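See below for the structure under consideration.
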Amino acid sequence: MTISAKIAGQAASLRKELNLYNKQYYQLDSPLVSDAKYDQLLRELQALEAEHPELETLDSPTQRVGATPIKAFEQVVHDVRMLSLANAFSIDEMIAFDRRIREKLDIDAVEYVAEPKLDGLAVSLIYENSVLVQGATRGDGQIGENVTHNIRTIRDIPLKLEGTGIPDRFEVRGEVFITRKGFKNLNDQAEKNGEKVFANPRNAAAGSLRQLKAGITATRPLSFCCYGHGLFPPDVLPGKHSQLLKTFERWGLPISREMKVIDDISGCLDNYDNLEQRRDALGYEIDGVVYKLNRFDLQAEMGFVARAPRWAIARKFPAQEETTTVLAIDIQVGRTGALTPVARLTPVAVGGVTVTNVTLHNADEINKKDVRIGDTVFVRRAGDVIPEVVSVVLEKRPEGSTPFTMPEKCPVCGSAAIMAEGEAILRCSGGLYCPAQRKESIKHFASRKAMDIDGLGDKLVEQLLDNGLIETAADLFDLTIEEITALDRMGKKSAENLIEALEKCKQTTLQRFLFAIGIREVGEVTAKRLAQTLGSLQRIIGVNQEALLEVPDIGPIVANHIVAFFLQSHNQEVIDKLVQAGIRWDDLNADSVEEQFLRGKVFVLTGTLKTLSREQAKERLQSLGAKVTTSVSGKTDIVVSGHDPGSKIRKARELNVEIIEEDGLLALLIPGSVSP
Ligand code: IVH
């Protein structure tokens, strides 16, 4: 063999290997080699190609890292026009769509294909002799832009197809998009570098694909999914759209895992409901579902209207982004004094709920978005995510508006607003002198994950404070039935219930108490760590900063907050009063902390318990070192069966897992009495 033949062979085999790794990594999510190994092989190939430029090929993985920048985009005339889709927003519109089809075709029921409507941008890819030779944007449907250099950087897109029956030249169409994770990483990075963040994954995908420098595109986490064809030799085109997609998949092109063949329109309606429910759990954003007539011959019979086919429709989800106007910007004072600007909006329906308020987070955020009173803004709400202002429609900004500035004083108590060094948050310096901070800290004290005082909601806390019945959380325990019934809309029964709930909350755990007293930066997890490691309140109060740093997950800032909290005499007084009122918990002495005798045991709780809530049982088990999970599996050690247990008991029996009842559980929770 000549030297050059040997080198050519080497390059070819490197290419094949790298292409395989690429596919495994990007399309199948199951990498075969480490990133380092991949990079090493890629560098080997780059070196070979640099030394022997004649070996370079269009399908070489080295093309993916970004070719030389181009000067401008060339125009591409699409052989077959790239169309858009008609939209449907209701069941009626879907039924009308189906009726039009069945009437025109004179058929009882037609088969459809469902595919998620990905929210990215449409592209056309041309393959010649199995090699990707052109990638173009949709443009106006007739003329798009040549973005081949950028398309080559997208790892989902095979540079060379594998398999049989591949036409000499054909066109694939699909969507370039960015996954939620990719979008988050991209924006985190942009933020870190002080660059502009993208408003949504769609914009990020479009911006990334329209780059003159492919080197930039190569760093963007673009994905691709194909959903159709353009130019394709009719003699080898399969009979159905679903078959064509399966064929594409065999050749190495990614198609949607959610692609479904559906018998009739009622199946389509079910499919939509199902996808809408799972929408937020998908790794990428979709704005609806596309339904297409499956048979190509019937598609042809249906034809087109204007720029959309009569054989397909996009059923859109309710909009997750809407515009509305900012009526006012108020400042809210939080439990720790944080001053949060909140925009009051003209009510608007977004993602199925009416939004009237939206947080603007802090001064930085307001400045960055430059939200002003009177502005028209885009409001977004995706799934359960809290609504947010995405951006301002500058064209609609009223004349003479001025940038919003944060106040210099707390709007509630008038104390100076201060921003600590290194913080982005402005805080009221009034501490518990500030009625707003007091209100919020008592609400927090009563909340479910803190002292869990049933019936003591935000409104009632406000009433109690406004009527001067309480000043601190400790005063709650001095309340009388008469005082409570004197309040607006409080009957005798509610008052009795509240007193009972206050009594009931007194038996608690150290971790709940630590969380409830509202030390800055001490959330549930930190409270738990403190309780587990130090065991008693006395020890936590007495300990210095150095010892706090020994507690897992506690860093200097949190340690500082803890020490500072207990140094304030006011806090000490409230704690003393709470303990005097009868709030109690079982301390863990340092020894029992060490020998948590349920360490490593896995518990599942099912059914209702009589003596304690499931949450309480869970906490106690955890404080003894046990893990409490929600489903029974081979790893479960013990299932606790309360009243009216569910299917978990059957599963436990099947798997031969030990089952105990409430008595057995209580015996375990009295340390040392029984060993499992
Ligand atoms: S089919 C003739 N299928 O939606 C049919 N389009 O509103 C042309 N899109 O420009 C498109 N997911 O960018 C089709 N599964 C899917 C799609 C999809 C997203 C986009 C595409 C198109 C736009 C039309």
Side-chain angles (χ1 to χ4, degrees), residues 76 78-89 93-94 97 101 112-125 135-145 147 151 154 156-157 171-179 200-210 222-232 237 240-242 244-246 248-249 253-262 268 271-272 275-276 279 282-296 298-317 319-320:
V76 168
H78 297 298
D79 290 317
V80 180
R81 213 178 141 135
M82 290 182 81
L83 300 164
S84 56
L85 291 165
N87 293 326
F89 293 92
E93 285 173 276
M94 288 300 292
F97 161 74
I101 290 181
Y112 293 102
V113 173
E115 296 159 35
K117 188 167 191 301
L118 291 159
D119 208 3
L121 72 156
V123 295
S124 137
L125 310 177
T137 61
R138 174 174 177 272
D140 64 4
Q142 241 161 348
I143 298 177
E145 284 172 334
V147 287
I151 289 284
I154 303 176
D156 274 349
I157 298 181
E171 181 186 358
V172 174
R173 288 182 179 172
E175 198 86 347
V176 168
F177 65 101
I178 291 190
T179 61
N200 54 46
R202 215 201 80 77
N203 286 356
S208 300
L209 202 58
R210 294 195 69 261
L222 294 174
S223 300
F224 175 74
C225 176
C226 85
Y227 55 63
H229 67 290
L231 193 72
F232 202 97
L237 186 71
K240 294 180 176 184
H241 176 67
S242 57
L244 179 66
L245 290 186
K246 287 282 174 201
F248 281 164
E249 190 179 29
L253 288 156
I255 65 169
S256 172
R257 285 184 207 168
E258 300 291 342
M259 192 268 284
K260 298 257 155 36
V261 177
I262 298 176
C268 295
N271 169 269
Y272 172 87
L275 256 176
E276 189 182 23
R279 177 182 190 187
L282 298 176
Y284 43 86
E285 292 207 357
I286 64 176
D287 54 357
V289 192
V290 184
Y291 297 95
K292 300 172 184 168
L293 206 52
N294 200 6
R295 274 171 54 179
F296 285 131
L298 300 185
Q299 285 187 5
E301 228 176 291
M302 288 305 298
F304 304 87
V305 258
R307 294 158 133 244
R310 282 204 192 87
W311 45 263
I313 200 156
R315 179 148 181 218
K316 300 286 279 280
F317 294 134
Q320 292 195 314

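For ligands, and for the atoms within them, numbers begin at 1 and follow the listed sequence. As the structure is a computational prediction, the values presented were derived from the model and not from experiment.
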To the nearest 0.5 Å, how far apart are [atom1] in [X] and [atom2] in [Y]?
{"X": "Y291", "Y": "L85", "atom1": "OH", "atom2": "CG", "value": "13.0 Å"}
{"X": "F317", "Y": "E276", "atom1": "CZ", "atom2": "CD", "value": "5.5 Å"}
{"X": "E115", "Y": "E258", "atom1": "CD", "atom2": "CD", "value": "11.0 Å"}
{"X": "E171", "Y": "F232", "atom1": "CD", "atom2": "CZ", "value": "11.0 Å"}

**Report entry** Electrostatic pair K246:E249 at N-O distance under 4.0 angstrom
**Finding:** yes
Query - Polar atom proximity, K292 to ligand 1 (N or O, under 3.5 Å) - result: yes
Requested in this report: State whether the shortest distance between N or O atoms of E175 and N or O atoms of ligand 1 falls below 3.5 angstrom.
Outcome: yes
What atoms of ligand 1 come closer than 4.0 angstrom to any heavy atom of [X]?
{"X": "P116", "value": "12 (N), 15 (N)"}
{"X": "L118", "value": "12 (N), 19 (C)"}
{"X": "L83", "value": "2 (C), 8 (C)"}

Query raised in the report: Does the side chain of N271 come under 3.5 Å of the side chain of Y112 through a donor N or O and an acceptor N or O?
Result: no
Students should be able to answer this: which protein heavy-atom is nearest to [atom], and at what distance?
{"atom": "atom 22 (C) of ligand 1", "result": "Y227 OH, 3.9 Å"}
{"atom": "atom 15 (N) of ligand 1", "result": "E115 OE1, 2.8 Å"}
{"atom": "atom 4 (O) of ligand 1", "result": "K117 NZ, 3.1 Å"}
{"atom": "atom 5 (C) of ligand 1", "result": "L85 CD2, 3.7 Å"}
{"atom": "atom 10 (O) of ligand 1", "result": "A122 CB, 3.8 Å"}

Query raised in the report: Do I178 and L222 come close enough that some side-chain heavy atom pair is under 4.5 Å?
Result: yes
Query raised in the report: Under a 4.0 Å heavy-atom limit, does P309 contact ligand 1 with its side chain, its backbone, both, or neither?
Result: side chain
Query raised in the report: Does E145 use its side chain to pair, donor to acceptor, with the backbone of G139 at less than 3.5 Å?
Result: no
